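First the structure, in the form of structure tokens, and then the observations on it.
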Amino acid sequence: MTVVNVAEELSVLIQDVDTVVVTVCCQDPTLDVCCDAAGRTSVGKPEFPGLIDHHYCTGSRFYRNQYKLDPHSLLLLCPVERTLTWFGLTSLVPPAGCNNLDGGCGIFASDPDAYEVFKEVLHPVIKDYHKVAEIKHTKPDFGDFNNLGFGDLDPSGEFIVSTRVRVGRSHASYGFPPVVNAEERKEMEKISVDALNSLEGELKGTYYSLETMTPEENQQLIDDHFMFKNDDRFLRDAWVYKDWPINRGIFFNHNKTFLCWVNEEDHLRLISMQKGGDLAAAIQDMEKKLTFAHHDQLGYLTFCPTNLGTTCRASVHIKIPKLAAEPDFKEFCDKLNLQSRGTYGWYTENVGGVYDISNKRRLGLSEIEAIQEMRRGVEEIIRREKALQGK
Ligand code: ADP
Ligand code: MG
């Protein structure tokens, strides 16, 4: 690892950022010489265009400071023995949170290793988000995926418009989006699509590259809630959209009940729409070809700490105009461990009183438990909406 290489890479990455402080942490004691008394580097000081300040500190200094994050920090880098990306460095990627103070989490991991290297920073965030006292996870269990009981939730179809369950998976031997280069992204697309193309029966489908899709086809898939977009400011500020749309795409079966996003926020997002797409079967088949990043205590690892564990977000699109207008709507959802999003996803507006309601916790419970947490919460939501409508 050389400081100069890091600087070169950073200056490419941050060319659109105006003012920022870069904190580089390293555990390599030989790099102590890089620090002066104030923690500023005295040797190999790199030039960062557009930066107002930057400094290097060693691991020991970093530990002494108990991982206190400078709210302006752009990157925290840490060399590890086994690393996937970036000249022997693993890192946290906090600018998404620094630039967008309304975020629920505000920090991302640069690669699977970061969850171990930066556990002092990440574990409190993870415990807080997933509402767990201890960092531990259970074995995967999707239950009877063909019989999740969503149908009984709203038999008349008055409230629930549609249902969706998604999980994320990361390739164990690649970094997360901000740190993969174009070549690695291309390799990931290839191995992902090869595995997807081997699926059979109900899951058999076709891969559509975002590069070759027409704008009309893309828009139709977005309008139908199948396709991802590149307009999330958190992901943008965490460099997820580098080289967009190259080597991104979507796979789906003939009736679009099973979808898989390739190289969006996570390397893979496997999605079941309505009552189709047996995710457990899809994952089992894909695991014959691919190795996914997994941690004993954290479950399946994802770019965002809010997603790891089961990585499962089970949602309904639901019409709840009365309840959504109540001042305690958010609090009501929080109490039920539910999260509310807009009609077109995270931070979008709601259209026609339709909200995306999903389970919030993903760690420390099984997939079926996460799905049932959503189901139980939605029962409460419907009960209250009915009462408000005088039904
Ligand atoms: P995630 O990142 O968790 O997969 P997003 O919030 O980014 O989900 O939303 C992705 C897309 O999935 C959006 O178009 C959203 O409208 C759609 N979506 C989410 N839940 C449902 C649902 N229950 N029915 C139909 N579409 C849904
Ligand atoms: Mg998303």
Side-chain angles (χ1 to χ4, degrees), residues 96 100 103-105 108 129-130 148-151 153-154 157 159-170 176-177 210 218-238 240-241 244 248-252 255-277 279 282 300 302-320 333 338-362 367 370-371 373-375 377-378 381-382:
N100 301 280
C105 173
F108 294 99
Y129 178 86
H130 297 277
L148 295 177
F150 289 167
L153 258 177
D154 176 29
F159 301 99
I160 296 179
V161 181
S162 52
T163 58
R164 175 183 188 263
V165 183
R166 66 86 161 146
V167 292
R169 286 292 181 274
S170 311
F176 297 141
L210 193 52
N218 187 14
Q219 192 54 50
Q220 190 59 55
L221 287 170
I222 291 170
D223 292 347
D224 293 341
H225 302 286
F226 297 129
M227 188 59 178
F228 53 83
K229 294 174 285 181
N230 64 338
D231 60 357
D232 179 320
R233 59 197 154 89
F234 289 86
L235 298 182
R236 184 194 60 222
D237 289 350
V240 167
Y241 301 144
W244 199 268
R248 274 85 170 185
I250 183 170
F251 174 97
F252 49 82
N255 54 5
K256 300 199 188 85
T257 54
F258 171 66
L259 326 171
C260 183
W261 296 352
V262 175
N263 290 340
E264 192 246 6
E265 170 180 340
D266 286 317
H267 298 160
L268 293 158
R269 278 279 169 92
L270 297 109
I271 301 160
S272 153
M273 298 298 287
Q274 302 300 38
K275 286 154 207 152
L279 291 183
Y300 287 97
T302 50
F303 176 48
C304 183
T306 62
N307 278 325
L308 50 65
T310 57
T311 72
C312 181
R313 190 171 89 83
S315 65
V316 290
H317 269 184
I318 185 167
K319 281 185 262 178
I320 41 170
C333 290
L338 297 178
Q339 188 181 59
S340 157
R341 301 186 176 188
T343 317
Y344 284 87
W346 196 228
Y347 286 106
T348 62
E349 294 300 310
N350 84 292
V351 179
V354 175
Y355 286 78
D356 168 340
I357 301 285
S358 61
N359 61 296
K360 183 165 178 271
R361 301 177 331 119
R362 312 185 216 291
E367 288 76 358
I371 293 167
E373 189 149 273
M374 180 283 273
R375 185 188 188 283
V378 168
I381 284 194
I382 293 178

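Read the numbers this way: they start at 1 and go in the same order the structure lists the ligands and their atoms. Treat the numbers as computed from the prediction; the structure is a model and nothing was measured.
Near Met273, meaning under 4.0 Å from any of its heavy atoms, are these atoms of ligand 1: 25 (C), 26 (N). Near Val316, the atoms of ligand 1 lying under 4.0 angstrom from a non-hydrogen atom of the residue are 23 (N). Residue-ligand proximity, Asp356 to ligand 1, at heavy-atom distances under 4.0 Å covers atoms 19 (C), 20 (N).
Formation of a donor-acceptor pair under 3.5 Å by the Thr302 side chain with backbone atoms of Leu308 is found in this model. Here the side chain of Arg166 pairs a donor or acceptor atom with the backbone of Thr311 at under 3.5 angstrom. Side-chain atoms of His130 come within 3.5 Å of backbone atoms of Pro305 as a donor-acceptor pair (strictly under, hydrogens ignored). Checked by atom type and distance alone, the side chain of Arg362 pairs as donor or acceptor with a backbone atom of Thr306 at under 3.5 Å. No donor-acceptor pair under 3.5 Å is formed between the side chain of Asp266 and the backbone N or O of Gly168.
At the top of the distance list for atom 25 (C) of ligand 1, counting protein heavy atoms only, stands Ser162 OG, 3.1 Å. The protein heavy atom nearest to atom 14 (O) of ligand 1 is His225 ND1, 3.5 Å. Atom 6 (O) of ligand 1 has its closest protein heavy atom at Arg341 NH1, 2.8 Å. The single protein non-hydrogen atom nearest to atom 9 (O) of ligand 1 is Gly345 CA, 3.8 Å, given as residue, atom name and distance. Given atom 20 (N) of ligand 1, the protein heavy atom at minimum distance is Ser315 OG, 2.7 Å. When hydrogens are left out, the protein atom nearest atom 18 (N) of ligand 1 is Arg164 CD, 3.4 Å; that is the closest non-hydrogen contact.
At a 4.0 Å cut-off, at least one heavy atom of Trp261 sits close enough to ligand 1 to count as contact.
Listed by chain and residue number, Leu221, Phe226, Phe252, Leu259 satisfy the side-chain contact (heavy atoms from CB on, under 4.5 Å) test with Lys256 (two or more places apart in sequence, or in another chain). Annotation: salt bridge (charged side-chain N to carboxylate O under 4.0 Å, His left out) contacts of Arg313 (sequence neighbours excluded): Asp356.
In plain terms, the two heavy atoms of Ile318 and Ile382 that are nearest each other are CD1-CG1, 3.8 Å.
Contacts between Tyr355 and ligand 1, counted as non-hydrogen atom pairs separated by less than 4.0 Å, are absent for every part of the residue. Contacts between Arg313 and ligand 1 below 4.0 angstrom, taking non-hydrogen atoms only, involve the side chain exclusively. Under 4.0 angstrom from ligand 1, there are no non-hydrogen atoms of Ile271.
Ring planes of His267 and Phe176: tilted class, angle from 30 to 60°.
When the heavy-atom distances from atom 2 (O) of ligand 1 to Gln339, Arg269, Lys229, Gln274 are ranked, the shortest goes to Arg269.
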